[in-house]
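Notes follow the structure.
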Amino acid sequence: MIIEIDSTEIIAYLIRKKEFKNKIEIKFQEIRDMANKIEGFDNDFLVTSDYLSIDAFRCAFSQYVKASEEKIVIQNSLEIRKRIERMQPAKQILNYLDKE
Amino acid sequence: MKRILDTVHGYIMVDDQYITHIIDTTLFQRLRRIEQTSIRAVYPCARHDRFIHSLGVFHIGSMIVERLKNIKENTWGVDDGKLENMFVSYLCACLLHDIGHAPFSHTFEEYYGQKTELGEQLCSIVNSKEFRDDYDCTIKSEEPNFHEFMSAIIAFEKFGGGLNSIHANPELVVRMITGIYYNVNKKEHQIDNCLISLLHGNVIDADRLDYACRDVWASGYSTSCIDLKRLISALHIKKNVKEEFVVCFESNSINEINGVLNVKDFQNKYVINHHSVCYEQWLLRNAVIYMAKKFFNEESSGEMTVMNKIFNKDSILNKTEVAGKYTICNISDDDIIFLLKQCDDNCFYKEWASRQYTRYPLWKSKDEFLHFFKLDPDTDFKHNRFRDEIKKVIEEKKEITDVIVLTAEFKPRVCLKSLYLVVSDDIVRYTDIYKNSVDDNKNITFYYVYVSKREQSRGDWEKERGGLISDLQDVIKNLYN
């Protein structure tokens, strides 16, 4: 089954992986590398990783997220933990990622 | 010069060079048989296609070029010959921007393959280090969509010779189709970048302007009306505070700009994500998957593997053989319907073709959903467990196994920060004036749940629907509390 995700789910995954620390910095390149890795797991996984989808994440949490030219910074991510948990990628993708 | 009569724009005037090298070709004419939208389930009049849309984009592109020629300033720093070549490239890109479109609007385009593969293909055919470096920078801007990759590949490979002969730049055409801006050498290519944004921008461009007008006209729904002449007459290319040339609009055209944003917003909320449109697309997609797995004898293969045998570059450019007995050539909507008709036991196709839906939605809109479950309208509904949790409850409590959960996603993909206004001779960002709009790019996710009608009268399934909604109260509360 085709599963399409974008940077919003990747960022949510990376925040969870970084254990909801108070200040989390994620470089755009880290998001792109993760997108390429996910596409490499299975050709049914389709990923969009660009500034517009990163910005969509910022808009969803505008009080907690700042975006610059190269990275986004998430502050106090514990306060948005519930919503971040809901945004995790589909379990078929998580199965691969969590094995790593 | 040819005149083509269009119900939306009136006469579209096309120079012979575009007719000879682009329009009167099999690949461009193929677009006559590719529907523009997937909304005919709800708006049966919306029978317009990618052919007339491409001509409409060319028409708006011509209006933009005329406007830019009238306001041309020496300070742009581009000589007349080069600028003329850029304009020709822009008009070619307007015509070719959908040349690689898959059948049935956007329903099947992702089967062209993963974006990493498509990007790699495109970079290798363009074969320029600068292009590859700029492609790698799309993480800082907008990644092309599946059909844009395919359109760019076909434009470069199959129309490259014709583009060169009319002094268009094939690489610039590819950049305009995909929105791959000059980044590494952006100082030398500021006007090229402005023209790229006028076909592939984040807010106002020729493509968006045509479909905003055409989809509204063809479907008949009422929403904002856009005065194109007014909007384009307010267009400028000027230097911003960073001394970079940018596309900008006089602030007194703000009404038209908001009109374009409203149309897109309306279409996403009420048309593209209508419960019937979502369900019909699901039916059609499953009908084709079923047919493809059967014909290629690959029941156990992954979806992409089997569907990519039908939706690929070869089936657009040449021929693809299906099941050893059917040949598809220059694939279009008709070919898909033909193939579906060859398969007698395809229940998805039968349901799609007859419109005798076997399932009904538990709620028909977000408003109904909010009303039934008393949720805050600002709730973020995206939830990776929604599907499983809902299915579990319905299957356990009602023993209905055939539950379909479809995601209706509204991704604005607008960057209002990139929109500039001319206010009293100053060039300012739209978001500097309308500060809240900086957060307008939020994705909105919503879910529809469809359950089988079984042998029931309408009254019976309305009653059952009420019962199911009661059964779901607890699980919805748990999901969103």
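As the structure is a computational prediction, the values presented were derived from the model and not from experiment. When reading the values below, keep in mind they use all heavy atoms of this one structure, side chains included, and skip hydrogens, waters and symmetry mates.
- Using a 4.5 Å cut-off between heavy atoms, Phe386(B) does not touch chain A at all.
- Neither the backbone nor the side chain of Ala90(A) comes within contact range of chain B; no heavy atom of the residue lies under 4.5 Å from a heavy atom of that chain.
- Contact annotation: the side chain of Lys442(B) never approaches that of Arg58(A) to less than 4.5 Å [non-hydrogen atoms, C-beta and beyond].
- Side chains of Ser141(B) and Asp50(A) form no contact here, defined as non-hydrogen atoms less than 4.5 Å apart.
- Residue Arg32(A) touches chain B through both its backbone and its side chain, counting heavy-atom pairs closer than 4.5 Å.
- For the pair Lys411(B)/Asp6(A), a side-chain contact is recorded, criterion being any heavy-atom separation below 4.5 Å from C-beta on.
- Side-chain contact between Phe146(B) and Leu46(A): present, with at least one pair of heavy atoms (C-beta onward) separated by less than 4.5 Å.
- Residue with the most contacts toward chain B among Pro89(A), Ala35(A), Ser62(A): Ser62(A) (heavy-atom pairs, distance under 4.5 Å).
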Using the rule given for side chain to side chain contact (heavy atoms under 4.5 Å, CB included), can you reason through Glu4(A) versus Glu110(B), listing the C-alpha separation, both sets of side-chain angles and the distance that settles it, and then say yes or no? CA-CA 9 Å; Glu4(A) 278 191 74; Glu110(B) 67 262 41; 3.6 Å; yes

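- With a 4.5 Å cut-off on non-hydrogen atoms, Leu479(B) touches chain A through its backbone but not through its side chain.
- Annotation: side chain of Met307(B) is not in contact with side chain of Ile2(A) (no heavy-atom distance under 4.5 Å).
- Heavy-atom distances place the backbone of Val414(B), and not its side chain, under 4.5 Å from chain A.
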Under the side chain to side chain contact (heavy atoms under 4.5 Å, CB included) rule, what do Cys59(A) and Asp440(B) come out as? Steps first, then yes or no, please. CA-CA 7 Å; Cys59(A) 290; Asp440(B) 280 359; over 6 Å; no

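- Chain A forms the most heavy-atom pairs under 4.5 Å with one residue out of Ile444(B), Thr305(B), Asn481(B), and that residue is Asn481(B).
- Without hydrogens or angle criteria, Asn441(B) side chain to Leu52(A) main chain gives a donor-acceptor distance under 3.5 Å.
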Quick one, Glu70(A) with Lys140(B), criterion side chain to side chain contact (heavy atoms under 4.5 Å, CB included). Give me CA distance, side-chain angles, the key distance, then yes/no. CA-CA 7 Å; Glu70(A) 306 276 341; Lys140(B) 292 178 184 169; 3.1 Å; yes

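- Options Lys82(A), Met87(A), Gln29(A) differ in how many heavy-atom pairs under 4.5 Å they form with chain B, and the most are formed by Lys82(A).
- In this structure, the separation between CG on Asn443(B) and OG1 on Thr8(A) is 5.5 Å, given to the nearest 0.5 Å.
- Only the side chain of Asp388(B) comes within contact range of chain A, with at least one heavy atom under 4.5 Å from a heavy atom of that chain.
- Cys137(B) SG to Tyr51(A) OH: the interatomic distance, rounded to the nearest 0.5 Å, is 15.0 Å.
- The side-chain heavy atoms of Glu9(A) and Asn384(B), taken from C-beta on, include no pair separated by under 4.5 Å.
- Residue Asn286(B) does not touch chain A at all, counting heavy-atom pairs closer than 4.5 Å.
- For chain B, no part of Ser7(A) is nearby; none of its heavy atoms comes within less than 4.5 Å.
- Between Lys115(B) and Glu39(A) there is no salt bridge, since none of the side-chain N atoms of the basic residue sits less than 4.0 Å from a carboxylate O of the acidic one.
- Contact annotation for Asn145(B): neither backbone nor side-chain heavy atoms come within less than 4.5 Å of a heavy atom of chain A.
- Checked for salt-bridge contact, Arg413(B) and Asp55(A) miss the test: no charged N lies under 4.0 Å from a carboxylate O.
- For Glu69(A), the CD atom is loosely surrounded, since the number of other residues' heavy atoms within 6.0 Å does not exceed 12.
- Within the 3.5 Å criterion, the main-chain N or O of Gly302(B) finds no donor-acceptor partner in the side chain of Asp44(A).
- Counting heavy atoms from C-beta outward, Arg86(A) and Tyr480(B) have side chains that approach closer than 4.5 Å.
- In this structure, the portion of Glu85(A) lying under 4.5 Å from any heavy atom of chain B is its backbone and not its side chain.
- For the pair Gln114(B) and Val47(A), the minimum side-chain heavy-atom distance is 4.5 Å or more.
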